[in-house]
Number of protein chains: 2
Amino acid sequence: MRAHNLALVLQTVVNSADRPSRAAIAGATGLTRATVSALVDDLIAGGLLTEQGPAPRNGAGRPATALALSPDGPAGLGLEINVDYLAACVVDLTGAVRYHFMDRSPTLAGLGELAARARAAAAEDGLALAGAALAVPGLVAPGGLVRVAPNLGWQDVDPIAYLRRTPALADLPITVDNEANLAALGELRAGDGEPTFVYVSGEVGIGAGIVIDGDLYRGGRGWSGEIGHVTVYPDGRPCRCGANGCLEQYAGAAMVAEDPALAAASLGIALSAVVNLLDLDVIVLGGGYAPLFAELSPGIEAEMRRRVLTAGLAPVTLRPASLGADAAVRGAADAVIRGVQDDPATWLALQAV
Amino acid sequence: MRAHNLALVLQTVVNSADRPSRAAIAGATGLTRATVSALVDDLIAGGLLTEQGPAPRNGAGRPATALALSPDGPAGLGLEINVDYLAACVVDLTGAVRYHFMDRSPTLAGLGELAARARAAAAEDGLALAGAALAVPGLVAPGGLVRVAPNLGWQDVDPIAYLRRTPALADLPITVDNEANLAALGELRAGDGEPTFVYVSGEVGIGAGIVIDGDLYRGGRGWSGEIGHVTVYPDGRPCRCGANGCLEQYAGAAMVAEDPALAAASLGIALSAVVNLLDLDVIVLGGGYAPLFAELSPGIEAEMRRRVLTAGLAPVTLRPASLGADAAVRGAADAVIRGVQDDPATWLALQAV
DNA sequence: CCAAATAATTCAACCACTAAACAAATCCGA
DNA sequence: TCGGATTTGTTTAGTGGTTGAATTATTTGG
């Protein structure tokens, strides 16, 4: 129960636009001021929250002491390995990007080195890392094993085991996730505050991350969002996956450049299927699609108006992503931070030891 | 916390194959035997659980007293209105169907009458109803308003308000849900125990219910699962929804009879999209598809082997539904029962008054 | 018939939240 | 300038619910 309420209080601070007081938190959560005080004391002692100077009141009464996430609290290490680059970034508890490194030699060895450098930089700032998350363009099994990553030429690679061999990372909890999934999480924090949407990332392949009520939907085995292989023309072009008429053949990077109208129509067909099946009312176009949004969106929307059954009852919003190419690394680091924010009790317990 | 633990204990009884003892529940939940005893006492006093005679032991020690859901506990009333029939059924807390009524005059007035008859029959057995759920073949808004039900000719109909006018139902909590959604819930209880699957119901229209980890996925506005309007042939036949090439035009009741091979291939294409997007590994064919399973499944599976990206990594299971035409009513009644099982504390509180 | 084993209950202790009183810090009006 | 009004935050006593240990109940096996 205490664990639950610690999370509740911390989440309230995270989700509130301004810097709430203890009394404001009590009002928002339904807990009493006394309980909130006790919980906040624990969170401050654990370095997750900080008190800020008394805010000026506009009325009678003792001025409130504002509370905010501590920039010195646990940070998240985001990592990404992709076709032509490596990236690492450190995001602190407030969501601010503290460090961002890139490298053009996408090898596992380089990734370990980059991660170690990021950790050292964080340590110099006095930042402790709560963990690391790695974004990979491929299918990731529970436990972090990468089953297939065609564009990396990977098959059954275990990047966690590899990273653990770097002494600087040996003690760090590491998770691995699909690139589009993590990019969707990055967009969740950076975006409009919409808690439910699908993020479509158009790169060499096309992936999607499905966010429902602020949580990533991963599917039964973690392989959701493979929109690139949704069939748009059953007898169409052969795809490298063995099927015919996959979206990837009509809205992949090559086709977007060659025939934007076809790419848009194809995306519209596939996204209509997403909306009909999942009833999502926000679609975010990211990756390579974001800079081409103005060119693509009319064609996509035209198809969706026709093909989404509920289009007449409620509108579907299409918008470009607010993060650029670093969405996945940012999202990876955010995923670590979210882990702490969703369960501060275990972090506090670790600190106490 | 007590509410949570009451639910935890009750769920343990629901989910266990045999009839567990207090000690077995303690072991399964992590609570102490003392706590479980106290909680079980409350559940027995509230009529949700019953003690059964001591089970014979196969070893030393005092024999355990088996616990089971009480058949005299709160029951659920399932209702269904469809194109050519009405149905009502009463399911008790153990999941047993106690009464089942049907009527061939599908009007709201007839539904109220049928529901009243079912309630009277239940009362004669000493069964109290915890609530009612109504299955409707259409789009249901939160609050129970039916926005559109094309095959009933409904538009913005409020069946709850109507049913409440029947004196026998005035005090009953009533919910309304999509027919395919509730049929999926019925299948959840009746089926293999798979917690995650998609249920496809092929009638005049085609709907799907998506069950994830034992819970229905409803989408942002409750309009998920509209697989009937997923595009399979972008330039294909015009559909009554205004689009072209919807699955409904290729795998609806008429087409299944006329050209089963085309229906199967079309279903395979649409279901591949479902699996690619949602990563579900079980697909249940219900409604009109169930009796034709043997004829349809090879064609569906052939398409899915080609079009599901992860088909090579993990198999997708296709199976016929275990319930027939009464899946939706059963599921509706089950939904009510699930409400009690998921939150026994409020039921106990109601009883205490 | 007694020891071992397992089930269920009882009871004191403890943890976390609540409610209410209290102290602190400000504004406002006389 | 001072005292009441007002709001924040803390303190203290009290309560509900869980835990852990001891106790009782009921069987099997030697």
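Within every chain, numbering begins at 1; the chains are lettered A, B, ... in the order of the sequence lines, protein sequences first and strands thereafter.
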Grab the [atom1]-[atom2] distance between [X] and [N] for me, whole Å please.
{"X": "Ile25(A)", "N": "dT8(D)", "atom1": "CD1", "atom2": "P", "answer": "12 Å"}
{"X": "Leu6(A)", "N": "dA16(C)", "atom1": "CG", "atom2": "C1'", "answer": "11 Å"}
{"X": "Gln52(A)", "N": "dG9(D)", "atom1": "CD", "atom2": "P", "answer": "13 Å"}
{"X": "Arg22(B)", "N": "dT24(D)", "atom1": "CZ", "atom2": "P", "answer": "19 Å"}

When you compare the side chains of Asp125(B) and Tyr99(B), does any donor N or O come within less than 3.5 Å of an acceptor on the partner?
yes
Examine the side chains of Thr65(A) and Gln52(A) and answer whether a donor and an acceptor come within less than 3.5 Å of each other.
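Per modelled atom types, Thr65(A) and Gln52(A) side chains form no pair under 3.5 Å.
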By a strict heavy-atom criterion of less than 4.0 Å, which residues belonging to residues 60-68 of chain A are in contact with DNA chain C?
Ala60(A), Gly61(A), Arg62(A), Pro63(A)
What residues 32-47 of chain B contributes to the DNA chain C interface at heavy-atom separation below 4.0 Å is Arg33(B), Ala34(B), Ser37(B)
Please examine the side chains of [Y] and [X], heavy atoms only from C-beta on, and report whether any two atoms are closer than 4.5 Å.
{"X": "Ile212(B)", "Y": "Ile210(B)", "value": "yes"}
{"X": "Pro20(B)", "Y": "Ile25(B)", "value": "yes"}
{"X": "Leu6(A)", "Y": "Leu43(A)", "value": "yes"}

For dT18(D), does OP1 or OP2 lie under 4.0 Å from any side-chain N or O of Arg2(B)?
yes
Hey, is the side chain of Asn5(B) poking within less than 4.0 Å of OP1 or OP2 on dT18(D), counting only N and O atoms?
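Yes, because at least one side-chain N or O of Asn5(B) sits under 4.0 Å from OP1 or OP2 of dT18(D).
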Which heavy atom of Val13(A) sits nearest a heavy atom of Leu67(A), and at what distance?
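For Val13(A) versus Leu67(A), the nearest heavy atoms are CG1-O, 4.3 Å.
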As an exercise, state the distance from OG1 of Thr196(A) to CG of Asp281(A), rounded to the nearest 0.5 Å.
7.0 Å
From the options dA7(C), dT18(C), dG9(D), select the nucleotide whose nearest atom is closest to the side chain of Leu31(A).
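Given the options dA7(C), dT18(C), dG9(D), the side chain of Leu31(A) is closest to dT18(C).
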Acceptor/donor pairs from residues 333-340 of chain A side chains to any protein atom, 3.5 angstrom cut, sequence neighbours excluded:
residue: Asp334(A); atom: OD1; partner: Arg189(A); partner atom: NE; Å: 2.9
residue: Asp334(A); atom: OD2; partner: Arg189(A); partner atom: NE; Å: 3.2
residue: Arg338(A); atom: NH1; partner: Gly214(A); partner atom: O; Å: 3.3
residue: Arg338(A); atom: NH2; partner: Gly214(A); partner atom: O; Å: 2.8
residue: Arg338(A); atom: NH2; partner: Asp215(A); partner atom: OD1; Å: 3.1

